Amino acid sequence: MVKPRAIDRKLLRDLRRLWSQVAAIALVLACGVAILLTAFGMIRALDTTLNDYYGRQRFAEMFASVRRAPGKLVEEIRAIEGVRSAEARKVGPVTLDLPDRPAPGSGRLMSLPAGAPLLNMPLLVSGRMPDPDSDREVAVNARFAQANGFRPGDGLAAIANGRRLDLTITGMLRSPEFLYSLPPGGLMPDDAGFAIIWMPERAAGAVLDLEGAINDVALTLHATAVTAEVADRVDALLAPWGGTGVRLRDQHPSHAFIAAELQQLRNMTVVLPPIFFVIAGFLVNMLLGRIVALERAEIGLLKALGYRKSEIALHYLLLAMLVACIGIAIGWLAGSWLAGGMARIYARFFDFPWLIRPDGLDVYAISGLLALVVAGLGAARAALTAARLAPAVAMAPPAPPNFGKGPLDRLAAGRWLSQPAKMVLRGLLRWPVRAAMTMLGLSAGVAILVASSFMIDAMDVVMDSAFYRANRQHATLVLGAEAPAGAALQARALPGVLRVEPQFDLAVTLRNGHLSKRLSITAQPPGGDLVRILDTEGRIVAAPETALMLSRQLAEQLQVGPGDMVEVEVAGDRERDFSEPVAAVTRQYLGLGAYMDHDALAARLGRAPRVTALHLALDPAALPEFQAALKTLPTLAASVMLTEVRDSFRETIRQNIRWNTILFLTISGLITAGVAYNGARIQLSERARELASLRILGFTRTEAASILLGETAVLALLAQPLGWGIGALIAQGMVSGFDSDLYRIPLVLTPANFARASLLTLTAILAAALLVRRRFDRLDLLDVLKTRE
Amino acid sequence: MPMDHLGDRQRNLSARSKTGAPADDTGTDRQAAFRTEGLSKTYGAGGPNEVRALDGVDLELPSEELVVLLGPSGSGKSTLLNILGGLDHATRGAAWFREMELTAMTDRQLTRYRRDHVGFVFQFYNLVASLTARENVELVTDIAMDPMPAAEALSLVGLDARLDHFPAQLSGGEQQRVAIARAIAKRPEVLLCDEPTGALDSRTGVAVLSALEAVNARFGTTILVITHNADIERMAHRVIRFQDGRVIDVARNRNRVAAEGIRW
Ligand SMILES: Nc1ncnc2c1ncn2[C@@H]1O[C@H](COP(=O)(O)OP(=O)(O)OP(=O)(O)O)[C@@H](O)[C@H]1O
Ligand SMILES: [Mg+2]
């Protein structure tokens, strides 16, 4: 082994001497590396897995629903230029009578084509596929089976189209179409209460009254196909049969959700690591700046001895590189561990059959390289200063800093200030850039906390608005098909039902010139008390008798406001298209909304009012009877117990919040303490002599320490409002970032949030200050005065 | 460059006659180690705080001598030393080390020059605190062309027993001797010492001076020592007096005393 050069041994000893600051910087850097590694790794794992899974199981690229079309129509679709393959399916809702659940579960019945499916091929997890000729055998999704403890051979009671079916489960499947699946009307996945049921085509036709007919098509295209053209031709073919318009993958519920998750990961990769890297770079800059200032004489000496500029610059760069290497090592370890944890969370959340985690050596390399670059940039200024120091100047003791005479300095010279206060103030004014950087670093900690707990407050508002102000029903019954208005009376007759409010959902495309949006118009009778519409101020408003109300989001997307006309294209029934003025804009955090009066919509469509869903208020005492009665209700597609939805929503949010809180507290604590500790340590080493002299003049330890830490205290206080401001900006950014068709969050900034953020960061700063104070207490006065700096 | 050599001698003579020093009977056959011509250094030129640290210094220092440079504080001694050592640039005039014109060299060339030819000893020991005595010496031997082993250099200054001590564990005199060992370890042709005993008491100061004397005698190293201590001139071959940035006197010392014999 080659013996390290003396100058390199100095490096290693410096590193050991500075271990606490090195550790602080390395940890901040490690956070950036770990997050980069995790997020990048997960993005790639999800991408690769999706591609692989979708490819193998031939996940379709285009989907279309139709009310009822002749089965041979699929041949015409296959003949469209650009279509690689097309498969027709029969799809419909069923309700399930599950032994362990009082309320009925719901399911989605899918036909299994006679041969093997060409597209969206399910993957057999256990058991066998149902016999194509059987009218009782079905396969179910594995998660549902697992949640209910079903095994191949078990029976399953379902109600479809008013008929009770006694089915036998032959196997458990997974499908690329249902990586993530929500029950009708639900907000959260419900493995136990919602099933995907695959039934042989012939039997499914009988159950769904679709013999010889189809109501769903899936397609894949040739690579050269023009998607929009194919979509137009499919639409044209399906329109006479009640086609509701084709959807591409990004509108497919399962895929859209995963795509949103991927997007969030990407956002995280763009936002978080740079924050850590910038702060780490800044800490390196502070640390090396101080070391070079303190080692002026040694630098001059090295120069006098004949060391080259490049060797000296490299010496200090290497110190930063070593810090970076420690950070990288920690970051890699933590990142690998985190990525494993994330993979498990994703596996639980999404129904992946497998998760491919491509070995991301390049991700390791890139994150490491970035950390090195960051440390290098942070060290560059100090290294250059060291290299540029003229040897003759460096050998002389540094000139005492030139304390200025600006207006602020005059303020600092005021008589009303005690001498120690003057020392603190002049220290700040003497190195304004450094003071500003430290303040910025400290405010980053505050900002992160403000931004992360803003999410908690925002979710509270969303929950309150969605579940306690807008949706107050105890249960919602989703009907399988449009029913006459009399269905409300039938529901009223169910045991325990106190109040019924009908709702009619009409699938439409809203259009304003070239802008259009596909969604449902929700129509309710006036005077609703269970389900209410909130205006932009959060007040309850009624749907006007002759106009549409749009949620703000939707209005913005269509670029319309009150008074503007919107064209309404009725999906599957274009003869009934109409136009309608916009009356008002509403506030809504989940999904998009378009609202209309129940009777007014019926009048526009030129027919009697109908219902597709019923909102109920229930007598809690009669809940068991109510749920038992639901299991025999023939026209039901699904029942949503809002109390359960609220609970599961709240629970999910609570868990997310817990993890987020832990994560961001750690991050913010590390940054704040790291910056504060470094700042105060630098103060200590620069002022050690001064403070030791004060001690000898008779100042107490505490008095001397208060000068030492006074600067940190002043900066910590100044950093608070700055941090609030930055936090509010980040929150604003998150509000825009989260704004999607699925959901959005309000900008809620409470004084309590600011206070909490400040309290926590000030605690972290105090802890860091106490560490430095302890170091100061241990300093030997004489040692300090004897050493020449 | 024979012409240069000729020129050297002539200027050598004229310099001497200018300073009124007695004709030198041994110096002329030795090659000059350093030579300066009108060497000037002005700080803050043109400003209100203009300082002429060096004001036209003409000087010639023969090889292998131990030269003492005396002068009041602020007279420009350190400035001269720094320029001769390649640490600083002159404002005007020229300085040579042998045939090398220092005042015409780039920073890079000066670095090379320091690395290959010069050893420095400063008033404040200037050791790297995080390196042991041996490692401080190795700082030089790592980059020198033909160094002696670090242990040997330390043994020359009588520090065999302190090889692995850190500066904080050494006395001031010991630290200064480490600095000398470090300076001589690369077998430099010249050793430039700026108040090497300035921070030391008499006894440790003498130990340091003895080390310098030994190096001069043993290796023929040209040594230039700046000091405020007039007693030290007694051990020099030659004494140069400085005032207001000028040489006011150069004298040969005919009755050299061994360092041991000096007290203050
Ligand atoms: N960086 C500088 N800027 C301005 N003036 C300087 C600088 N360095 C030295 N001087 C001035 O140049 C003059 C010569 O300084 P120099 O350090 O050479 O003196 P010296 O003879 O070594 O003094 P001492 O015996 O006190 O060390 C002094 O008047 C000093 O004030
Ligand atoms: Mg001096």
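As the structure is a prediction and not an experimental result, all values here were calculated from the model. Proteins get letters first, then strands, A, B, ... in listed order; numbering begins at 1 in each.
- Looking only at heavy-atom pairs under 4.5 Å with chain A, the residue among Asp116(B), Asn136(B), Leu139(B) that has the most is Leu139(B).
- In terms of heavy-atom proximity, Ser130(B) sits nearest to Asp14(A) at OG-OD1, 3.6 Å.
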Which atom pairs, donor and acceptor, lie under 3.5 Å between side-chain atoms of residues 146-157 of chain B and protein residues at least two apart or in another chain?
{"from": "Ser155(B)", "atom 1": "OG", "to": "Asp160(B)", "atom 2": "OD2", "distance (Å)": "3.3"}

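- Atom NZ of Lys10(A) and atom CG of Leu131(B) lie 7.5 Å apart (nearest 0.5 Å).
- For the atom pair Lys303(A) NZ and Phe120(B) CZ, the distance stands at 13.0 Å (nearest 0.5 Å).
- Contact of the Asp142(B) side chain with the Tyr307(A) side chain is registered, since non-hydrogen atoms from C-beta on lie closer than 4.5 Å.
- A 6.0 Å sphere centred on CZ of Arg108(B) holds no more than 12 heavy atoms belonging to other residues, nucleotides or ligands.
- Of the listed residues Thr111(B), Thr132(B), Thr141(B), the one with more heavy-atom pairs under 4.5 angstrom with chain A than any other is Thr111(B).
- Put simply, the side chain of Glu298(A) does not reach to within 4.5 Å of the side chain of Leu127(B), judged on heavy atoms.
- Inter-residue side-chain proximity for Arg308(A) and Arg112(B) is flagged as met; some heavy-atom pair is nearer than 4.5 Å.
- Heavy atoms of Leu302(A) lying under 4.5 Å from chain B belong exclusively to its side chain.
- Between Arg5(A) and Glu135(B) the shortest side-chain heavy-atom distance does not fall below 4.5 Å.
- Proximity to chain A is limited to the side chain of Asp107(B), based on heavy atoms less than 4.5 angstrom apart.
- With values rounded to the nearest 0.5 angstrom, Leu305(A) atom CG is found 5.0 Å from Arg182(B) atom CZ.
- Under 4.0 Å is where a charged nitrogen must lie from a carboxylate oxygen, and between Arg115(B) and Glu311(A) at least one such pair does.
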